[in-house]
Colleague: 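Sharing a structure here in structure tokens format.
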Number of protein chains: 2
Amino acid sequence: MKYQKIPEATIRRLSRYSRCLEEIEQAGEGVVSSAQLATRCMVNAAQVRKDLAYFGEFGIRGVGYYVKDLLSDIKKILGSNKEWRMAVIGIGNLGSALLSYKDFLKQNYKIVAAFDIDPPSVIGRVSEKLGKPVEVIHINRLKEVAKERRIEIGLITTPPSEAQSVADLLVEAEVKGILNFAPTQIIVPEGFVAKDVFFTTILDNLAYLLSNN
Amino acid sequence: MKYQKIPEATIRRLSRYSRCLEEIEQAGEGVVSSAQLATRCMVNAAQVRKDLAYFGEFGIRGVGYYVKDLLSDIKKILGSNKEWRMAVIGIGNLGSALLSYKDFLKQNYKIVAAFDIDPPSVIGRVSEKLGKPVEVIHINRLKEVAKERRIEIGLITTPPSEAQSVADLLVEAEVKGILNFAPTQIIVPEGFVAKDVFFTTILDNLAYLLSNN
DNA sequence: CAAATTTTGTGAAAGGAGTCACATAATTGA
DNA sequence: TCAATTATGTGACTCCTTTCACAAAATTTG
């Protein structure tokens, strides 16, 4: 398997295959063909095979793919077979929601810390919402706590005006991955990865499609 | 301006230009060049011009673009110059968060209704969080209320098991646009538009980049 | 007022991504 | 054991997107 640049679209689809394979596994199927998986994921069957081909050979000709093995292989590729430790910074409405959003927790993405500039005002609300309350810590302890708790991903849920400075703090704390929910573009140095999640972009997209169809 | 299929990537970038232009307008700039806008949006300058060229000519050679006019034109293209009336279905943690998420409201996307299968248990929480409380209505009144309040977009924030049946209800109520936050793929008939927002897909993406760099 | 400068709009080239079609390999059944 | 069947892996092709490069148009300067 020699090196090649992997398209981002391929990675997104692998995540989709992963979700579908979990459903297929739940349903008790032991083997699945690229055609079946493709139908379920609403993509082309050749696409499924091409995507997998970037990383090796996982199927058996004339048979298909062993569901359990393929799922495990894809998770290994994505890096979603390990546990990822995350922190939420900015415990407003969105931050609180993420803290109690079950679908993060059922997977291997664990929120193990919460930070805010004004912790006392939010401590009550947060612990009330969770079985295991996450203590909200003052942001000036971020670097220290990030080391202590081996945090690898930071979720920025502050107002946009604070997003970049929070990103800078995360970089300083060597938190390599950032997911930014604030509606402003943030910049991080080489070696760090930042992804933006702009609800308004998605809504604009929807608005366009609704206006022009 | 004759018809042509517009790439989805172009629409996403227009939304980005729109956000950047608002910042530029705030900063008091009257004119902007494609190069300046491109730098700010972290894209290629020719890309900016090509994207705009799909819809007409908006600039002046040797000068650039009038910020106010271009912003207004882009909003017209996206359909984000009009007010969009939305409903949230499923008032759990995420639904509540969306209800009080300021960045929806500051724009032209207005949440004007909230539905749940068990309204009494959530009425208190929601109204407490908002200046103008949105009454949570039982889902069996969705069709009726959607008509009444002219709802055009539905935000699905139910558990995944309910997502498709909620989507079916929205289709029945002729709500043409759907934004699905539940981690399961939903299907809608021709003439309707559904977009999925999967946090785990984005996290998987981040995990991959962190694992392989 | 004409030459120099700036910046758009766009045809052409380059680069990626998705689909097709088929050789290859495994399995099944007679 | 061999033909028929099934489904993968992949080279070739097509389609779409991005970037380059330059003519055209507006402005500025001497």
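Protein chains get the first letters and strands the later ones, always in sequence-line order, with residue 1 at the start of each. Side chains are part of it too, since the values below use all heavy atoms of this structure and drop only hydrogens, waters and symmetry mates.
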Colleague: Can you figure out which of D:dT17, D:dT27, C:dT10 approaches the side chain of B:V63 most closely?
Modeller: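 Closest nucleotide to the B:V63 side chain: D:dT27.
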
Colleague: Tell me whether the OP1 or OP2 atom of D:dT6 has a side-chain N or O from A:Y65 closer than 4.0 Å.
Modeller: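 A:Y65 to D:dT6 OP1/OP2: no side-chain N or O under 4.0 Å.
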
Colleague: Just the rounded figure in Å: distance from P of D:dG9 to CD of A:E57.
Modeller: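 Whole-Å distance recorded here is 5 Å.
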
Colleague: May I have the distance from A:E8 (atom CD) to C:dG18 (atom C1'), rounded to whole angstrom?
Modeller: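 Going from A:E8 (CD) to C:dG18 (C1'), I get 17 Å.
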
Colleague: Check whether any side-chain N or O of A:Q47 sits under 4.0 Å from OP1 or OP2 of C:dA17, and answer yes or no.
Modeller: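 Answer is no, no contact under 4.0 Å.
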
Colleague: Let me know the distance between CZ of A:R49 and P of C:dT24, rounded to the nearest Å.
Modeller: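 Computing the A:R49:CZ to C:dT24:P distance gives 16 Å.
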
Colleague: Whole-Å distance between D:dT8 C1' and A:L52 CG?
Modeller: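 The answer, rounded to whole Å, is 10 Å.
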
Colleague: B:Y66 OH to C:dT7 P: how many Å, rounded?
Modeller: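 Distance, rounded to whole Å: 13 Å.
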
Colleague: Under 4.0 Å between a Lys/Arg side-chain N and an Asp/Glu carboxylate O for A:E22 and A:K75?
Modeller: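 Between A:K75 and A:E22 there is a salt bridge, with a charged N closer than 4.0 Å to a carboxylate O.
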
Colleague: Does OP1 or OP2 of C:dA23 have a side-chain N or O of A:R61 closer than 4.0 Å?
Modeller: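 Looking at the OP1 and OP2 atoms of C:dA23, neither is under 4.0 Å from any side-chain N or O of A:R61.
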
Colleague: Quick one: are B:N205 and A:E8 in side-chain contact, heavy atoms under 4.5 Å?
Modeller: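 Yes; the side chains approach each other to less than 4.5 Å.
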
Colleague: Is a donor from one side chain sitting under 3.5 angstrom from an acceptor on the other, for B:Y17 and B:D51?
Modeller: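 Present: a donor and an acceptor within the cut-off.
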
Colleague: Go nucleotide by nucleotide along DNA chain C from the 5' end; which of A:N44 and B:V32 gets its closest nucleotide reached first?
Modeller: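 Looking at the nearest nucleotide for each, B:V32 comes out on the 5' side.
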
Colleague: With a 4.0 Å cut-off, would you call A:K176 and A:E152 a salt bridge?
Modeller: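 A salt bridge is absent here (no side-chain N lies under 4.0 Å from a carboxylate O).
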
Colleague: May I ask you to evaluate whether B:S34 reaches the phosphate of C:dT7, defined as a side-chain N or O under 4.0 Å from OP1 or OP2?
Modeller: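 False: B:S34 side-chain N/O out of range (4.0 Å or more) of C:dT7 OP1/OP2.
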
Colleague: Report the distance from atom CG of A:D73 to atom P of D:dG9, rounded to the nearest whole Å.
Modeller: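 Result: 11 Å.
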
Colleague: Quick one: on DNA chain C, does A:A9 or B:A46 contact a more 5' nucleotide (nearest heavy atom)?
Modeller: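 Closer to the 5' end of DNA chain C: B:A46.
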
Colleague: Counting side-chain heavy atoms from CB outward, which of D:dT10, C:dG9, C:dG18 is closest to A:R13?
Modeller: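 So the nucleotide nearest the side chain must be C:dG18.
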
Colleague: Would you kindly give the CZ-to-C1' distance between B:F58 and C:dT7, to the nearest whole Å?
Modeller: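 After rounding, the gap between these two atoms is 17 Å.
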
Colleague: For residues A:D204 and B:Y109, is any side-chain donor paired with an opposing acceptor at under 3.5 Å?
Modeller: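 There is such a pair (donor and acceptor under 3.5 Å, judged by atom type) between the side chains of A:D204 and B:Y109.
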
Colleague: Any N or O donor-acceptor pair linking the side chain of B:K50 to the base of D:dT19 at under 3.5 Å?
Modeller: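 Donor-acceptor pair under 3.5 Å: yes.
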
Colleague: A:Y54 OH to D:dG9 P: how many Å, rounded?
Modeller: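 So the OH-P distance, A:Y54 to D:dG9, works out to 15 Å.
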
